[in-house]
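Accompanying notes for the structure given below.
Here is how names work: the chains are called A, B, and so on, in the same order as the sequence lines, proteins then strands, and each is numbered from 1.
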Amino acid sequence: MPKKITQYTEDDLPKAYDANLFEDSIYKNWEKAGAFKPVTKKGSKKKPFTIIMPPPNATGTLHLGHASMLALQDIMIRYHRMKGEPTLWIPGTDHAAIATQNKVEKLLAEKSITRHDLGRKKFIKEVEEFVKGSQNTIRNQVRKMGSSCDWSRETYTLDAGPSLAVRTVFKQMFDDGLIYRGNRIVNWCPRCQSTLADDEVKYKEARTKFYYLKYGPFIIGTARPETKFLDKVVVVHPDDKRYRKYVGKTFDVPWINGTVKATVLADKASDPTFGTGAMTITPAHSQIDFEIAQRHKLEIVKIIDEKGNLTEHAGEFAGMNAKVSREKIIEALDAKGLVEKIDENYIHNLSICYRCDATIEPLTSTQWFINVDKKIPKRSKSLKQLSIEVVKNGKIEILPEKFEKIYTHWMGNLHDWCISRQIWFGHQIPVWYCKNCPGKPIVEIDTPARCSNCKNTEITQDPDVLDTWFSSGLWTFSTLGWPKKTPDLKTYHPTSVLETGYDILFFWVARMILMTTYALNEVPFKTVYLHGLVRTRNGEKMSKSKPETCIDPLDMISKYGADALRLSMVIGGGPGNDVRLYEEKIAGYRNFVNKIWNVTRFILLNTTPSDLSKPFNKKDVKTTADKWILTRLQKLIKESTQLIEKYKFSEAGMKIYDFLWNEMADWYLEFSKGEHKNPAVLLHVLRDTLKLLHPFVPYITEVLWEKLGMQKFLMLEEWPTYNASLIFPADAKKIEKIYTLITEIRKVRAEYKLDPAKKFDAVIYGGALTALLKEKEQAIKRLANLENITLAKKGTKPEKALSVIASGVEVYIPFDQMFDIEKELERIKKELAQHEKELAGLQGRLHNKTFLGSAPKEVVEQVKSDAARHTEAITKLNEHRRGLEKAA
RNA sequence: GGACAGUUAGCUCAGUUGGUAGAGCGUCUCGUUGACGUCGAGAAGGUCAGAGGUUCGAAUCCUCUACUGUCCACCA
């Protein structure tokens with residue numbers, strides 16, 4: 001930082017801002033100075049603001065989704081830090097059990113090694129090496145985005161702290177009877193060789209064959225004949241008249257492996273309108289069939305095993321891959337004359353694994369579950385009820401609001417959560433089994449030395465690991481030190497905002513709510529802000545398989561700078577709304593960043609070191625233009641602050657953008673060229689604007705702050721406050737009239753294709769604005785490109801002249817030669833028509849008694865004054881027209 | 001099958017409690033003006049998806065329709 005300010009010259013400041021020259025070093029300076037750590041100011045009673053960063057998977061690199069998440073969170077964090085709140089943003093990474101294991105297995109497969117070749121210990125070591133590498137990549141990328149997170153508190157889900165939290169919660173839930181081991185239907189991925197939670201299953205539409213098979217007196221329909229070996233129960237709807245006579249009866253039915261004894265049951269689960277209305281059931285491989293079997297206490301036999309092969313119950317087909325066996329089984333059935341017909345065009349949803357796309361096989365398996373319906377001891381409510389309650393009673397607010405309904409609905413239909421996974425990487429389940437005490441699992445936080453029951457030392461730990469979302473569910477408090485009672489936990493929990501994509505509302509957000517309300521009896525966060533997905537220009541999902549549409553955030557940063565990328569992802573998006581991103585858009589915001597640079601450059605080249613060192617004082621306010629820009633600035637401060645408070649970052653960003661470019665640069669800076677230059681106001685407006693911009697574009701604003709000779713980091717400055725004493729409504733209105741006038745003159749010049757280089761003389765009758773016009777004469781001359789101005793309150797109209805009537809001011813540009821009166825008449829007529837059209841609309845309303853009676857006063861007044869304005873313009877234009885007609 | 005969102009200028013999107021439609025990009029014309037060509041000035045371009053209703057007044061509120069998208073449920 002420069003200690004002494006010297007006068008800037010053109011050579012000190014390049015014409016264009018080059019983000020690459022500044023970003024990395026600025027970030028390093030912030031980090032070195034400890035600027036990302038929360039600060040509690042002495043005597044301040046401000047409440048802390050906390051965000052726990054959704055931990056990116058430790059599998060690889062960041063994509064645009066992460067970039068947009070980081071941008072939004074950093075905006076909130078920087079804003080609250082500037083508001084003087086103790087602000088904490090904790091970064092971290094997620095071990096992402098299945099995803100990471102798959103990735104490493106794939107890498108090993110390239111060397112023809114399987115995890116079994118290595119064994120559990122060596123394999124885990126391999127995974128950890130891989131994770132270290134990608135964690136470093138992620139850390140650098142998070143930094144590149146300008147994220148002001150507290151690296152000293154960085155956490156990884158497999159760190160000692162979070163792992164202890166995981167085991168502690170597991171034991172607590174087990175002791176409360178909420179965790180149980182059971183043989184239930186699970187979603188099994190034969191590729192991953194593991195269970196999947198219900199929401200880890202994706203669906204894909206597929207065209208398959210649908211078989212109608214003869215089954216005793218029934219025709220049953222199925223898409224999966226390979227599961228039907230042991231079917232001996234026919235289920236029909238109790239109200240189905242066609243089959244009522246069969247209910248409760250038994251039949252001998254010729255079937256795949258000989259004759260079976262079939263029983264007919266009535267159950268409402270059978271849909272009379274689907275297929276033939278009669279179905280046989282396969283309880284071990286279908287959720288619905290399983291439930292029916294439980295209701296009627298039927299035997300549950302597994303036909304397909306974990307590898308996707310048929311079990312010994314398949315008789316001659318045993319050991320065959322289930323998929324392969326299908327045709328063979330149909331052949332066998334057909335040989336027995338049991339195939340009624342085959343529908344070749346049956347479209348149904350295929351369940352596939354969301355990690356590896358393999359077809360899911362529902363099967364029964366012994367797994368660990370969390371019971372979501374059981375009442376928690378001493379709380380008389382289930383996990384499900386607790387989780388719904390905190391959202392319903394407003395302790396947690398979800399944005400956009402519509403997701404509250406979706407959340408409640410999903411939570412209401414939640415089944416018991418299967419938490420065991422048959423993989424090696426992750427938190428191994430803290431359960432041990434003793435050889436001598438079957439059926440009595442030992443659940444401990446720390447590895448026990450012996451069986452708690454018989455003291456035997458021969459105990460083995462459950463080989464499975466926990467679902468990765470189990471540990472993510474604890475993330476808001478495991479990162480803060482729980483189960484230890486740390487000061488961080490006390491200060492920063494519950495956290496303020498959880499900001500994440502709506503695509504993981506169920507995976508993660510719901511589970512955090514469930515786990516936290518259980519373990520801490522407290523909500524994990526007060527507000528959930530769900531951002532949209534980043535899409536391509538055409539609204540498609542960006543995917544790595546289509547590299548031409550897939551934008552790499554790091555490329556964009558090196559090309560346009562992190563600030564431009566941040567803006568392009570924030571502006572145009574809102575909670576729950578997807579954002580379309582394409583390179584021109586980023587380039588557009590790079591242009592804006594450059595504009596910020598040049599506005600500052602102009603001001604620095606027009607101020608002296610002594611201007612820079614003087615604090616702003618109200619006495620420095622001099623011209624009408626000063627009053628106008630200060631008024632506009634106050635309005636901007638008020639509005640943008642409110643918008644940020646309401647999480648409307650896009651609108652806030654747009655407002656500030658608009659102010660800087662269309663008001664400050666286009667008009668105030670222009671007025672400042674020449675005699676109205678006022679360094680004090682220029683600098684004050686610039687400083688406040690840089691502060692408002694800082695959360696959105698932290699790098700450029702910090703760079704410029706330093707150039708302005710400020711000693712402290714901008715990121716640690718105070719957020720501007722609305723100052724009512726800097727509001728001058730009457731002056732602000734006058735300046736707006738001046739610039740409409742200038743615009744009108746420019747319009748006429750352009751319309752007549754007047755030589756832009758040539759300056760013309762003008763006669764101006766200013767009416768009520770005459771004094772101001774006098775003050776701004778130089779600026780008007782410069783901006784409207786006029787030579788001499790003859791200014792008076794009013795006067796006679798020159799005969800041959802172009803006319804501009806705006807803001808109650810008449811401007812005439814006299815012409816001696818080359819002047820086409822006909823053309824000017826035509827133009828005036830066009831303008832008259834425009835005014836008359838608008839006047840007619842307004843008068844229509846003014847003549848309407850009901851309008852006058854029921855519309856609010858302000859509206860009526862507005863309409864009246866608008867009508868008067870048009871009437872005046874019409875009068876003046878008509879006078880001018882008559883003059884021209886005479887001259888012609 | 002159920003639920004929800006969207007449909008506004010060529011493209012991407014704003015549009016607060018209803019007061020008569022805006023921006024950026026693109027297009028066209030022009031420009032070496034004391035910061036910026038990553039710029040400046042100006043212009044063209046819209047029956048606010050369609051129909052009906054409430055209202056003095058509807059892009060905005062209500063109903064229906066069409067199209068697009070998302071989520072949930074999964075069907076033997």
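Between the side chains of Tyr211(A) and Glu340(A), no donor-acceptor pair of N or O atoms lies under 3.5 Å. Counting only N and O atoms by type, the side chains of Ser270(A) and Asp267(A) include no donor and acceptor under 3.5 Å apart.
Comparing A35(B), C71(B), G40(B) by their closest approach to the side chain of Ile406(A) singles out C71(B). Counting only heavy atoms from C-beta on, Lys747(A) has its side chain closest to G42(B) among G31(B), G42(B), C36(B).
Rounded to whole Å, the separation between the C1' atoms of A76(B) and A59(B) comes to 48 Å.
Remark: U7(B) base-pairs with A66(B); criterion is Watson-Crick or G-U wobble with both hydrogen-bond distances under 3.5 Å. Across every strand in view, G22(B) sits in a pair with C13(B) that passes the Watson-Crick or G-U test at under 3.5 angstrom. Nucleotide U54(B) forms a pair with no other nucleotide shown, judged by Watson-Crick or G-U wobble geometry with both contacts under 3.5 Å.
Interface remark: the Lys402(A) side chain does not form any donor-acceptor pair with the C4(B) base, using a distance-only criterion of under 3.5 Å. Interface remark: the Gln287(A) side chain does not form any donor-acceptor pair with the A76(B) base, using a distance-only criterion of under 3.5 Å. Below the 3.5 angstrom threshold, one finds a donor paired with an acceptor across the side chain of Arg590(A) and the base of U38(B). Donor-acceptor pairing under 3.5 Å, judged by distance alone, is absent between the side chain of Lys15(A) and the base of A35(B).
Asn606(A) comes within 4.0 angstrom of nothing in the nucleic acid, heavy atoms only. Within the 4.0 angstrom heavy-atom criterion, no nucleotide atom of any strand lies near Pro400(A). Within 4.0 Å of Ser270(A), counting heavy atoms only, lies at least one base atom of the nucleic acid. Note on Ala665(A): a base of the nucleic acid sits closer than 4.0 angstrom, heavy atoms only.
Aromatic rings of Phe649(A) and Phe696(A) (six-membered ring for Trp) have centroids beyond the 6.0 Å cut-off, not under it. Between Tyr502(A) and Phe403(A), the ring centre distance stays below 6.0 Å.
The environment of Glu401(A) atom CD is sparse: at most 12 non-hydrogen atoms of other residues, nucleotides or ligands sit within 6.0 angstrom.
Judged by closest nucleotide on RNA chain B, Tyr582(A) is the one of Tyr582(A) and Asn662(A) placed further toward the 5' end.
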